[in-house]
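One structure is given here, and the rest of the page talks about it.
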Amino acid sequence: MKFDTIIIGGGLAGLTAGLALLKAGQKVALVSDGQSALHFASGSFDLLGYDAQGQAVVNPVEAIAQLDATHPYSKVSDIAATAQEAQQLLAECGLKTKGDAQANHYRLTPMGALKPTWLTIDDFVTLDEPATAPWKKVLVANIMGYLDFPSKFVVAGLRQLGVEVDLKAFTTPELTRARKSPSEMRATNISKVLTHPAVVAEVARELNTLATGYDAVLVPAVAGMRDGGEATSLKEQVDTPLYYVATLPPSVPGVRTQMLLNKRFAQLGGTFLTGDQVTGGKLEGDKLMSINTAKLEDTELRARNYVLATGSFLSHGLVANYERVYEPVLGLDVDYSGERKDWSRYGVFNDQPYMHFGVATDAKLHVKKDGKVINNCYAAGAVLSGNNRVKMADGAGVDMLTALQAAKNILQK
């Protein structure tokens, strides 16, 4: 089986690279062995939330220019332009977002904190400044029995901004029946119930009864898993301005993002090899000639170029044992501290060295093996070394911008 490019990994980075290459007319295959980290997403896309000193970033483009040369962004040729391409790519997939690469806004987290971010899905709560809110009186409305929305923390966070906040619970017969057990009252289960227009209308009636006299009503983001349609419909049927707040995982907006990107990939003619795992590859000199997967066994998948977008430790793109950190697919070179005692620091909230570990690449994002550059294999996203995506709040940006840069490098060869 031959392709122009094979993508290894089906998360945000892999799909971004695949979509960019498909739009350019390439024949692309994507190999993915399971769910991606998008299922944990917040509904926002971070570019750079905090600098190396932990200070909130106002202008990501300016702050990125000051980052250390080891950061993955140093391998992206034009941050502002590539960020615009990324936002346009999301829009083409059906994800309408608000935000600007040169001015972070603030998203409201499930724990009531305000975090700087780059892009946020349109219907979500956002603030231009971290110390002021546009409302005087707000209702936070949670579904009765839904535990993955820590509504009391959301209320506390809003009250710190000087907002008068009330907390109320609501339900409908359909939502009550959905709670067969606590474990079934999850965001994705609720979203399936809300695919029925009659249920959405009933929820809207409940909220209209509760929300009279408020400037806004905030609800958990559990509607619109397929394409956001139910979320828009509910918003339109509620008389009070309605906004969504991210929940604890599983994430409905994250699943929606995955589904919409997958759909666009298929529409453009991409080939999915899902539920499969790359088991190795054949190298000749400075080129990767082919890869093998667990399900296809002896069948070789060949391409002119390859993109490794397997993620970090969470998705097993990197693996650690007591002796070393390694990349399990192709045995590529990894940047990491030599001794295990140096991999972490005391204190869970400290900047942990292991979060900076990742695959070594050259300036063009080519991977390396035994110190030698592999000229037709690129890396993108969380598998790259050089940044702590949790502390710097740059994960989605690194995923998308390095993936777009890898695609450009392939197309410019």
Side-chain angles (χ1 to χ4, degrees), residues 7-20 36-38 40-42 44-52 54 57 59-87 89-90 97 99 101-102 104 115-120 254 257 261 307-315 317-318 327 334-336 351-367 378-409:
I7 314 290
I8 307 172
L12 184 58
L15 284 163
T16 298
L19 288 169
S36 77
L38 277 171
F40 296 86
S42 65
S44 290
F45 300 82
D46 298 331
L47 186 61
L48 184 69
Y50 302 93
D51 62 21
V57 167
N59 185 323
V61 172
E62 289 183 356
I64 287 169
Q66 306 303 315
L67 292 175
D68 191 277
T70 59
H71 194 285
Y73 282 147
S74 67
K75 300 172 184 182
V76 178
S77 60
D78 187 330
I79 293 294
T82 310
Q84 182 60 42
E85 290 175 33
Q87 186 172 11
L89 182 147
L90 293 174
T97 59
Q102 302 195 50
N104 272 334
K115 299 289 186 182
T117 193
W118 163 41
L119 301 175
T120 299
T257 300
L261 267 61
V307 178
L308 183 76
T310 48
S312 189
F313 296 100
L314 176 65
S315 53
L318 298 174
E327 187 280 311
V334 175
D335 293 326
Y336 73 99
D351 185 9
Q352 299 298 328
Y354 72 87
M355 293 293 291
H356 297 260
F357 298 169
V359 167
T361 59
D362 69 1
K364 292 289 188 179
L365 293 168
H366 294 116
V367 302
Y378 303 78
V383 76
L384 293 166
S385 67
N387 69 305
N388 183 334
R389 57 202 287 127
V390 174
K391 296 293 286 187
M392 302 186 80
D394 63 359
V398 168
D399 286 346
M400 298 195 75
L401 271 60
T402 59
L404 288 170
Q405 186 64 54
K408 290 176 188 176
N409 294 343

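The structure presented is a predicted model; accordingly, all values stated were derived computationally and were not measured.
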Between Leu365 and Thr402, the two heavy atoms sitting closest are CD1-O, 3.5 Å
Are any side-chain N or O atoms of Asn388 and backbone N or O atoms of Met355, one a donor and one an acceptor, separated by less than 3.5 Å? no
Donor-acceptor pair, side chain of Tyr73 and main chain of Val398, under 3.5 angstrom: yes
No-hydrogen, no-angle side-chain donor-acceptor test under 3.5 Å, Lys408 and Thr82: yes
Parallel, tilted or perpendicular: ring planes of Phe313 versus Tyr354, cut at 30 and 60 degrees: perpendicular
Partner set under side chain to side chain donor-acceptor pair (under 3.5 Å) for Thr361, not counting sequence neighbours: Lys75
Would you tell me whether Asp351 and His356 have side-chain atoms, one donor and one acceptor, within less than 3.5 Å of each other? yes
Between Ser74 (side chain only) and Ala69 (backbone N and O only), is there a donor and an acceptor less than 3.5 Å apart? yes
Are Asp399 and Arg389 ion-paired here, with the side-chain N under 4.0 Å from a carboxylate O? yes
Is it the case that the side chain of Thr120 and the backbone of Ser44 share a donor-acceptor pair, with hydrogens and angles ignored and the cut-off at 3.5 Å? no
Non-neighbouring partners of Glu327 that pass side chain to side chain donor-acceptor pair (under 3.5 Å), sequence neighbours left out: none
Counting distance only, does the side-chain N/O of Asp46 pair as donor-acceptor with the main-chain N or O of Gly49 below 3.5 Å? no
For Thr310 and Ser315 the tightest heavy-atom approach is O-OG, 2.8 Å
